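Right, one structure below, let's go through it.
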Amino acid sequence: MRPTRARTLVLTAVVCAIGTWLLLHLAYTSLPLLPWSGVPALALLAIAEAICGRSVRARLHGRGTPIPPIAVARLAALAKASSLVGAFIGGLAVGFLIYVAGSVDKSSAYRSDTFASGATLVAAALLVAAALYLEYGCRVPNGRDQGAEPGAPPQSGAQR
């Protein structure tokens, strides 16, 4: 598995922002207010992934109990998926924010959507940062034998 590239995340966010902005030009008036429920969900996921990232990194460096390799692979897959979801949702929030920011003084709906999309953008950015930290924490330290169990000291010499 290759590390997540910033280019992929930025491209995802830009495409989602443009698509959202275009769709809002067509249908904003028929949409309900933007919900706030995504903000705490994204923030809690970001906190959980940051804590996992710290724990996994410490355990791979030999502090604490060893972690099974399959658990590290699963956490790395979670991190990659979460960073893409965060970029996607962040792009949606940027598209919303760009569309409604110019009309904040028109009505309370625009103002409410501006605050909700801004908070969603912050929470999505935190999720992307936490996911990238978790992905970084899942990297095996240099000098470690590929076949060795995580947490075990590196083997020296050839085995027969």
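Bear in mind the structure is a predicted one, so any value in this text is a computation, not a measurement.
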Subject >> Verdict with supporting geometry, S82 and L127, side-chain contact (heavy atoms from CB on, under 4.5 Å) >> reply: CA-CA 7 Å; S82 295; L127 177 60; 4.2 Å; yes
Subject >> Non-hydrogen atoms of A130 and A46 that approach each other most closely >> reply: CB-O, 3.2 Å
Original post:
Any idea which heavy atoms bring S37 and P40 closest together, and the distance?
Top reply: O-CD, 3.5 Å
**OP:** Decide whether L11 and I18 are clustered together by the hydrophobic rule: side chain heavy atoms of Ile, Leu, Val, Met, Phe, Trp, Tyr closer than 4.5 Å, transitively.
**Re:** no
Original post:
Does any donor atom in the side chain of D113 or Y28 lie under 3.5 Å from an acceptor atom in the other side chain?
Top reply: yes
Original post:
Of the non-hydrogen atoms in C138 and V72, which two are nearest, and what is the gap between them?
Top reply: O-CG1, 3.4 Å
Original post:
Are V14 and L22 grouped together when hydrophobic residues (ILVMFWY) are joined by side-chain heavy atoms under 4.5 angstrom apart?
Top reply: yes
Original post:
Going by atom types only, do S83 and E135 share a side-chain donor-acceptor pair under 3.5 Å?
Top reply: no
**OP:** Please say whether more than 12 non-hydrogen atoms of neighbouring residues, nucleotides or ligands are located less than 6.0 Å from OH in Y110.
**Re:** yes
Subject >> Point-to-point distance, once rounded to the nearest 0.5 Å, from CG of L24 to CG of L92 >> reply: 9.5 Å
Original post:
Do W21 and F96 come within less than 4.5 Å of each other through their side chains, counting heavy atoms only?
Top reply: no
Subject >> Atom pair CZ (R57) and CG (L134), whose distance is rounded to the nearest 0.5 Å >> reply: 12.0 Å
Original post:
So L9 and L132, side-chain contact (heavy atoms from CB on, under 4.5 Å) or not? Walk me through it.
Top reply: CA-CA 11 Å; L9 298 177; L132 291 176; 4.1 Å; yes
Original post:
Is there a path of hydrophobic side-chain contacts, each under 4.5 Å between heavy atoms of I, L, V, M, F, W or Y residues, that connects L31 with V100?
Top reply: yes
Original post:
Just by modelled atom types, is the R2 backbone N or O under 3.5 Å from a matching donor or acceptor in the K80 side chain?
Top reply: yes
Original post:
Would a 4.5 Å heavy-atom cut-off, applied to side chains only, mark I67 and L60 as touching?
Top reply: yes
**OP:** Starting at CG of L126, measure out to CG of L121 and round the result to the nearest 0.5 Å.
**Re:** 9.5 Å
Subject >> H25 side chain reached by Y99 side chain, heavy atoms, under 4.5 Å >> reply: yes
Original post:
A50 and Y133: which non-hydrogen atoms are nearest, and at how many Å?
Top reply: O-CE2, 3.5 Å
Subject >> Backbone N/O of G64 and side chain of R59: donor-acceptor pair under 3.5 Å >> reply: no
Original post:
Got a donor-acceptor contact below 3.5 angstrom from the T120 side chain to the A116 backbone?
Top reply: yes
Original post:
Within the distance-only criterion (no hydrogens, no angle test), does the side chain of S30 pair as donor or acceptor with the backbone N or O of A27 below 3.5 angstrom?
Top reply: yes
Original post:
Is there a chain of hydrophobic side chains (I, L, V, M, F, W, Y, each step under 4.5 Å between heavy atoms) that links L45 to V85?
Top reply: yes
Original post:
In this structure, are over 12 heavy atoms from other groups packed under 6.0 Å from R139 atom CZ?
Top reply: yes
Original post:
What are the two closest heavy atoms between T114 and S117, and how far apart are they?
Top reply: O-OG, 3.1 Å
Original post:
Shared ILVMFWY cluster between L78 and V56, side chains joined below 4.5 angstrom?
Top reply: yes
